[in-house]
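Both ligands and their constituent atoms are indexed starting at 1 by order of listing. Values in this document were obtained by computation on a predicted structure and should not be read as measured data. By convention here, the first residue in the shown sequence is residue 1.
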Amino acid sequence: MSAVPANAAAEPVLVVRDLAKSFGGVHAVQGVSFSVEAGQMLALIGPNGAGKTTCFNMLGGQLQPDRGAVLLSGKPITGLKPRVVWRLGVGRTFQITATFTSMTVRENVQMALISHERGLWNPFAPARARHVAEADALLAQVGMSEQADRACGVLAYGDLKRVELAVALANRPKLLLMDEPTAGMAPRERIELMALAARIAVERNIAVLFTEHDMDVVFAHADRVIVLDRGRLIAEGTAEEVRQDANVRAVYLGSGAASGGH
Ligand SMILES: Nc1ncnc2c1ncn2[C@@H]1O[C@H](COP(=O)(O)OP(=O)(O)OP(=O)(O)O)[C@@H](O)[C@H]1O
Ligand SMILES: [Mg+2]
């Protein structure tokens, strides 16, 4: 027993068991199970249409699963509404950035803090002067202090993504879901954003589940990688293990190993 690390028995933040969802005849997700621990970055990868976004939507409450269970710190959250899931500590950034363009960077974060305090997401709550110090601390953490007074509508895309991360963190999530957070960003910006997310995951002990098409970003920042193909998990392991996996190679190279197509 003495050789076992103190946190070895710690419960994973997220446990997913046998999750499934079909749309008519399309079996988008077919019995997927995995878990993510606090402070860990887990990448969910797979080709277009593999079922990644469908998985995210079942975790965030946007979609009802056909079967299976989602546990947050051991408690079932399966099928709960998005705002309830959010209140329980699941933060989310979206593929399409979800900030209010006419408000300043700081106001966007203030509003998220106010919503967290009330336990209810209400985008129309007035931000006024509340939570300025806390908002500024979050903006410093994501490297956006200098742009705090600018309207979100005039920001560069990569900066908007940082604001979105600060907004998600305002909810003090246990679990952060990031669906293609770096889509539309330049390669250098991608690496920087995910390095930031990885640092924050460790500092705040947050479990992070992210999807990403850029394999350089995945291999640089994921502690573990799971691979979906046509709704099924086909591989799981470290970046290096997954990179060497024959099934994964086949999926990414097309059906024939020699074809080299997509
Ligand atoms: N609302 C829906 N209605 C019908 N079919 C859907 C719906 N959402 C997803 N699908 C189908 O389910 C499958 C999985 O889609 P999903 O968006 O989860 O894939 P993905 O891995 O996120 O792909 P991408 O890398 O392109 O984002 C696809 O065949 C898709 O066409
Ligand atoms: Mg998707």
Side-chain angles (χ1 to χ4, degrees), residues 14 16-36 41-70 77-82 85-86 90-98 157-158 160-161 164-165 168 175-187 189-191 193-194 197 207-222 224-237 239 242-243 245 247-255 261-262:
L14 175 71
V16 173
R17 280 195 206 125
D18 195 30
L19 212 54
K21 181 76 186 177
S22 295
F23 299 103
V26 178
H27 301 297
V29 174
Q30 314 187 47
V32 164
S33 303
F34 62 88
S35 62
V36 198
M41 299 274 290
L42 178 64
L44 172 59
I45 68 168
N48 292 119
K52 304 181 295 295
T53 296
T54 304
C55 271
F56 271 75
N57 287 339
M58 288 191 280
L59 302 180
Q62 286 82 14
L63 264 182
Q64 295 278 329
D66 295 340
R67 66 160 206 269
V70 182
I77 59 163
T78 327
L80 297 180
K81 296 249 181 317
V85 172
W86 174 83
V90 180
R92 183 160 188 191
T93 67
F94 292 86
Q95 201 165 341
I96 298 160
T97 328
Y157 189 74
L160 211 45
K161 288 293 188 183
E164 211 191 8
L165 185 55
L175 170 69
L176 186 57
L177 305 174
M178 303 176 88
D179 191 0
E180 293 195 42
T182 72
M185 293 172 87
E189 278 186 321
R190 290 172 176 234
I191 296 277
L193 184 77
M194 292 318 292
V208 178
L209 177 67
F210 70 103
T211 59
E212 173 63 57
H213 279 292
D214 183 332
M215 288 305 127
D216 289 339
V217 174
V218 170
F219 292 133
H221 297 296
R224 273 194 317 134
V225 181
I226 55 178
V227 187
L228 263 187
D229 180 38
R230 286 169 286 177
R232 292 185 192 281
L233 271 194
I234 61 161
E236 174 166 11
V242 162
R243 200 207 298 261
D245 188 282
N247 288 332
V248 176
R249 287 175 164 247
V251 163
Y252 277 95
L253 291 173
S255 50
H262 292 285

* **Metal site the Mg ion (ligand 2): N/O/S of T53 inside 2.8 Å** => yes
* **Separation between CD1 of I191 and CG of D216, rounded to the nearest 0.5 Å** => 6.0 Å
* Asked: Taking only residues two or more places apart in sequence or in another chain, which ones pass side chain to side chain donor-acceptor pair (under 3.5 Å) with R230?
  -> none
* Asked: Which ligand 1 atoms are under 4.0 Å away from a heavy-atom of N48?
  -> 23 (O), 24 (P), 25 (O), 26 (O)
* Asked: Do the charged groups of D179 and K52 touch, with an N to O distance under 4.0 Å?
  -> no
* To do: For A28, counting its heavy atoms only, list the atoms of ligand 1 lying under 4.0 Å from any of them.
  => 12 (O), 13 (C), 14 (C)
* Structure fact -> If you compare G25, G46, G231, G49 by their heavy atoms, the one closest to atom 14 (C) of ligand 1 turns out to be G49
* What atoms in ligand 1 come closer than 4.0 Å to a heavy atom of V26? -> 12 (O), 29 (O)
* To do: Drop me the distance from F219's CZ to I45's CD1, to the nearest 0.5 angstrom.
  => 6.0 Å
* To do: Output the list of atoms in ligand 1 that are nearer than 4.0 Å to some heavy atom of H213, sorted by atom number.
  => 25 (O)
* To do: Supply the atom-to-atom distance E212 CD to T182 OG1, rounded to the nearest 0.5 angstrom.
  => 3.0 Å
* **Minimum non-hydrogen distance to atom 21 (O) of ligand 1, winning option of E180, K21, K52** => K52
* Is R92 positioned over the aromatic face of F56, cation under 6.0 angstrom from the ring centre and no more than 45 degrees off axis? -> no
